[in-house]
Amino acid sequence: MYITPMHDEAPLTGGKEEGFLLEQIAQNSQIAAEAAQKRLFLSKIQLGLTAFLAVCALLALLLWGPGLHRTLKKADRVFDNLDSLSAQLVDADLPGLLANIDRLTQMDQSSLEAMEKAAQLLEKIDADRLNEAIADLQKAMAPLAKLFG
């Protein structure tokens, strides 16, 4: 590439070495300008990608943010409930509660025994004879029922 002089004066008169150096400076300037253009292009790409990622992050926050907020609120409530339950468990008299449960099971066992005895007594009762006795009682009471009313 040839660089045009900035003024109309005659070019410097010098040897080959000065011309070679000027040519090399011009080439270096050309290379630096091309590198700067590449850096500018790459910076534009980087800016575009950064803007794209920022928009994606903003959309994700807008879409999932409310749900995440609700979930965190629910989790906070659950942890508060767990704290209160653990405090209640600390305050509870677990040995006394277990003793009461033991007493209840013993009472249940004794009531089961009583129910077994009652079932045995009911098995011993003759249902047919009981029905006959009730029928006889009704026959005997029928005249009294007519008398009273």
Side-chain angles (χ1 to χ4, degrees), residues 1-135 137-138 141 145 149:
M1 168 177 193
Y2 176 74
I3 299 178
T4 59
M6 292 179 15
H7 44 78
D8 291 335
E9 294 178 14
L12 294 173
T13 57
K16 286 183 175 179
E17 188 176 317
E18 288 174 357
F20 175 73
L21 289 176
L22 286 175
E23 225 175 89
Q24 200 169 15
I25 289 172
Q27 283 178 347
N28 287 342
S29 296
Q30 180 82 18
I31 292 171
E34 289 173 2
Q37 284 180 345
K38 284 182 183 177
R39 278 196 309 268
L40 179 63
F41 178 71
L42 292 175
S43 294
K44 287 179 181 179
I45 290 175
Q46 183 181 12
L47 178 64
L49 289 175
T50 303
F52 176 73
L53 287 176
V55 167
C56 287
L58 183 63
L59 283 176
L61 183 64
L62 289 174
L63 291 176
W64 296 315
L68 181 63
H69 182 67
R70 282 191 299 270
T71 303
L72 289 175
K73 275 187 170 180
K74 287 178 186 176
D76 191 35
R77 275 187 255 138
V78 166
F79 285 128
D80 287 343
N81 288 340
L82 284 176
D83 286 341
S84 66
L85 285 175
S86 63
Q88 289 175 0
L89 284 175
V90 167
D91 293 341
D93 181 23
L94 291 180
L97 184 63
L98 291 175
N100 287 339
I101 290 174
D102 286 342
R103 272 188 264 135
L104 282 175
T105 56
Q106 289 173 358
M107 289 173 59
D108 285 343
Q109 288 174 354
S110 63
S111 63
L112 283 174
E113 291 171 0
M115 288 175 68
E116 286 176 4
K117 287 180 185 177
Q120 289 172 357
L121 288 174
L122 288 174
E123 286 176 4
K124 290 180 183 177
I125 295 175
D126 186 10
D128 293 331
R129 286 186 60 198
L130 181 61
N131 286 337
E132 286 176 20
I134 292 173
L137 183 61
Q138 282 178 342
M141 297 301 279

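Positions are given from 1, in the same order as the sequence printed here.
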Participant: My understanding is that only residues two or more places apart in sequence, or in another chain, count here; which of them pass side-chain contact (heavy atoms from CB on, under 4.5 Å) with Arg70?
Facilitator: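 Partners of Arg70 by the side-chain contact (heavy atoms from CB on, under 4.5 Å) criterion, ordered by chain and then number, come out as Pro66.
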Participant: Taking only residues two or more places apart in sequence or in another chain, which ones pass side-chain contact (heavy atoms from CB on, under 4.5 Å) with Lys73?
Facilitator: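 side-chain contact (heavy atoms from CB on, under 4.5 Å) check on Lys73 returns His69, Arg77.
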Participant: Enter the distance from Phe52:CZ to Leu47:CG here, rounded to the nearest 0.5 Å.
Facilitator: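 Output value for this atom pair is 14.0 Å.
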Participant: Would you compute the distance between atom CG of Leu68 and atom CG of Leu72 and round it to the nearest 0.5 angstrom?
Facilitator: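 Rounded to the nearest 0.5 Å, the CG-CG separation comes to 4.5 Å.
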Participant: Measure the CG-CG distance between Asp76 and Asn81 for me, rounded to the nearest 0.5 Å.
Facilitator: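 Atom-to-atom, Asp76:CG and Asn81:CG are 10.0 Å apart.
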Participant: So, using side-chain contact (heavy atoms from CB on, under 4.5 Å) as the criterion, who are the partners of Gln46 when residues are at least two apart?
Facilitator: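 Scan of Gln46 (side-chain contact (heavy atoms from CB on, under 4.5 Å), adjacent residues dropped) gives Thr50.
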Participant: Quick one: pull up CD in Glu17 and CD in Gln24 and give me the separation to the nearest 0.5 Å.
Facilitator: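 So the gap between those two atoms works out to 10.5 Å.
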Participant: Return the set of residues passing side-chain contact (heavy atoms from CB on, under 4.5 Å) with Phe41 (not counting sequence neighbours), or none when no residue passes.
Facilitator: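 If we apply the side-chain contact (heavy atoms from CB on, under 4.5 Å) test to Phe41, skipping adjacent residues, the hits are Ile45.
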